[in-house]
Engineer: 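First, the structure itself, so that you have it in front of you.
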2 protein chains.
Amino acid sequence: MAVKLNLDKLDLQIIQHMMENAEVSYADLGKKLYVSGGTIHVRIKKLEEAGIVKGTRLNADLKMLGYDVIAFIGIYLKESSLYDSVARELQKIPEIVRLNYTTGNYSMFAEIVCKDISQLRYVLHDQLQKIKGIERTETFISLEESFVRNVKVVGS
Amino acid sequence: MAVKLNLDKLDLQIIQHMMENAEVSYADLGKKLYVSGGTIHVRIKKLEEAGIVKGTRLNADLKMLGYDVIAFIGIYLKESSLYDSVARELQKIPEIVRLNYTTGNYSMFAEIVCKDISQLRYVLHDQLQKIKGIERTETFISLEESFVRNVKVVGS
DNA sequence: ATTGAAAGAGTCTCAGT
DNA sequence: ACTGAGACTCTTTCAAT
């Protein structure tokens, strides 16, 4: 899974910069990293071919789109063997944007994004309760997101 | 915060598509949505000016970069008034990539990305314990990420 | 592997509808 | 508000180092 490729500092610097902002031109990024734009291009192509880099994504402000409520849900299963079937059911609920199988208290851990509290209540109460295999859930509503950022893959 | 702007279905469709893949050309996206490339351009410019769209980000595979361990940390504070000072300390730890102030059991909820378990143990044991104001923590290590996706902002 | 230049593709502007 | 065409910029290829 974690294929160790020959990545040098330049590769990591490119990734670090472009994880933050992918709209920079190769020429400009090259200037910042003291190589030519052509070298940036070659490196990115190599990273794409290796499967390390998988395109770019638009960064949209969900709050401004009306999605004000983020919550985390700890899920207790009746039996841990039900993980796959519960995961499939949860994937059908579009408000659930992430699901992890975890150690610790909960069997699984979900993140949900909703327009408002009443939509959250609907998903929690009407949709999750209907899924066979879920024993109970605990919900943690985010009152404030202090920060979100990328992991630091290279020293500055 | 959640400024309700006049966004029509086309705006949302553009956002939906480009949150998934921002590398599509305006001409191609226009073809898919039955408008010209020029219209896509105008809409994106409008969304950027409104602050709804904030550029694009490179999508890099953290596992392939050697960051194999994702974990969630529920944090109990001694007093909730310590939130800001603890948040500032947590922000100094580069492995902590997200922090939310939450309702429920925990005062705050963090996400951490590490290269391996020993690095995770180091952060949890040596760094978090030193922060004044943290009473105790509960860690949930992700054994598998079932899915991560964007919220659905428009009906297909 | 890196570079710089030429060819190709995409973005951006603008006049017309 | 949408369109299409021209000007401009960026990506991509490639021969040379």
Side-chain angles (χ1 to χ4, degrees), chain A residues 2-62 64-66 150 152-156, chain B residues 2-62 64-66 150 152-156:
Chain A
V3 187
K4 234 345 182 222
L5 284 139
N6 295 332
L7 301 184
D8 65 9
K9 191 176 177 183
L10 178 60
D11 295 314
L12 295 175
Q13 283 174 317
I14 293 169
I15 291 170
Q16 188 83 70
H17 270 92
M18 294 188 69
M19 281 199 303
E20 204 60 47
N21 171 24
E23 265 168 349
V24 67
S25 76
Y26 293 170
D28 286 353
L29 186 54
K31 214 166 282 177
K32 196 172 263 174
L33 301 176
Y34 307 107
V35 291
S36 73
T39 298
I40 301 289
H41 177 246
V42 169
R43 297 303 189 99
I44 290 178
K45 221 175 78 178
K46 180 189 77 175
L47 291 166
E48 279 171 346
E49 277 161 7
I52 294 169
V53 157
K54 294 164 180 170
T56 62
R57 292 163 183 273
L58 195 73
N59 180 20
D61 185 320
L62 293 180
M64 293 191 79
L65 291 171
N150 296 301
K152 197 177 174 190
V153 297
V154 67
S156 44
Chain B
V3 186
K4 235 338 184 232
L5 285 140
N6 295 331
L7 301 183
D8 64 9
K9 189 175 179 183
L10 178 60
D11 295 314
L12 295 176
Q13 283 175 316
I14 293 169
I15 291 170
Q16 188 82 70
H17 271 92
M18 294 187 68
M19 279 198 306
E20 205 60 46
N21 171 24
E23 266 169 347
V24 66
S25 77
Y26 294 169
D28 286 352
L29 186 53
K31 215 167 281 178
K32 197 172 261 175
L33 301 176
Y34 307 108
V35 291
S36 74
T39 298
I40 301 290
H41 178 247
V42 169
R43 296 303 189 99
I44 290 178
K45 219 174 78 177
K46 180 188 78 176
L47 291 166
E48 279 172 346
E49 277 162 6
I52 294 170
V53 157
K54 294 163 182 170
T56 62
R57 292 162 183 272
L58 195 72
N59 180 20
D61 186 319
L62 292 182
M64 293 191 79
L65 290 171
N150 295 301
K152 197 176 173 190
V153 297
V154 66
S156 44

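By convention in this document, chain letters (A, B, ...) are assigned in the order of the sequence lines, proteins followed by strands, and residues within each chain are numbered from 1. Here the structure is a predicted model, which means the values were calculated and not measured.
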Engineer: Between dT2(C) atom P and I14(A) atom CD1, what is the distance in whole Å?
Structural biologist: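 In whole Å, dT2(C) P and I14(A) CD1 are 9 Å from each other.
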
Engineer: Counting only side-chain nitrogens and oxygens, does S36(B) get under 4.0 Å of the OP1 or OP2 atom of dC2(D)?
Structural biologist: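 It does not, given that no N or O in the side chain of S36(B) lies less than 4.0 Å from OP1 or OP2 of dC2(D).
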
Engineer: Would you indicate which nucleotide in dT2(C), dT3(D), dT13(D) comes nearest to any side-chain atom of V35(B)?
Structural biologist: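 Looking only at heavy atoms from C-beta outward on V35(B), the closest nucleotide is dT3(D).
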
Engineer: Kindly say if R43(A) contacts the phosphate of dT2(C), meaning a side-chain N or O under 4.0 Å from OP1 or OP2.
Structural biologist: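 Yes, within the criterion.
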
Engineer: Starting from P on dA1(D), measure out to CG on L10(B) and report it in whole angstrom.
Structural biologist: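 Value for this atom pair: 12 Å.
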
Engineer: Looking only at side-chain N and O atoms, does H41(B) come under 4.0 Å of OP1 or OP2 in dT11(C)?
Structural biologist: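 For dT11(C), neither OP1 nor OP2 has a side-chain N or O of H41(B) closer than 4.0 Å.
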
Engineer: Rounded to whole Å, please give me the gap between CD1 in I40(B) and C1' in dC12(C).
Structural biologist: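 Roughly 15 Å, once rounded to whole Å.
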
Engineer: What is the separation between atom CG on D11(B) and atom P on dC2(D), rounded to the nearest whole Å?
Structural biologist: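 Checked: the CG to P distance equals 9 Å.
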
Engineer: For the pair made of CD1 in I44(A) and P in dC10(D), what is the distance, rounded to whole Å?
Structural biologist: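 For the pair I44(A) CD1 and dC10(D) P, the rounded distance is 14 Å.
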
Engineer: Roughly, in whole Å, what's the span from NZ in K31(A) to P in dT2(C)?
Structural biologist: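 Rounding to the nearest Å, NZ of K31(A) and P of dT2(C) are 18 Å apart.
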
Engineer: Starting at NZ of K46(B) and ending at C1' of dT13(C), how long is that distance when rounded to a whole Å?
Structural biologist: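 After rounding, the reported distance stands at 19 Å.
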
Engineer: Using whole Å, report how far CG of L29(A) lies from C1' of dT11(D).
Structural biologist: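 These atoms are roughly 14 Å apart.
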
Engineer: Is any side-chain N or O of Y26(A) closer than 4.0 Å to OP1 or OP2 of dT12(D)?
Structural biologist: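 Yes, because at least one side-chain N or O of Y26(A) sits under 4.0 Å from OP1 or OP2 of dT12(D).
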
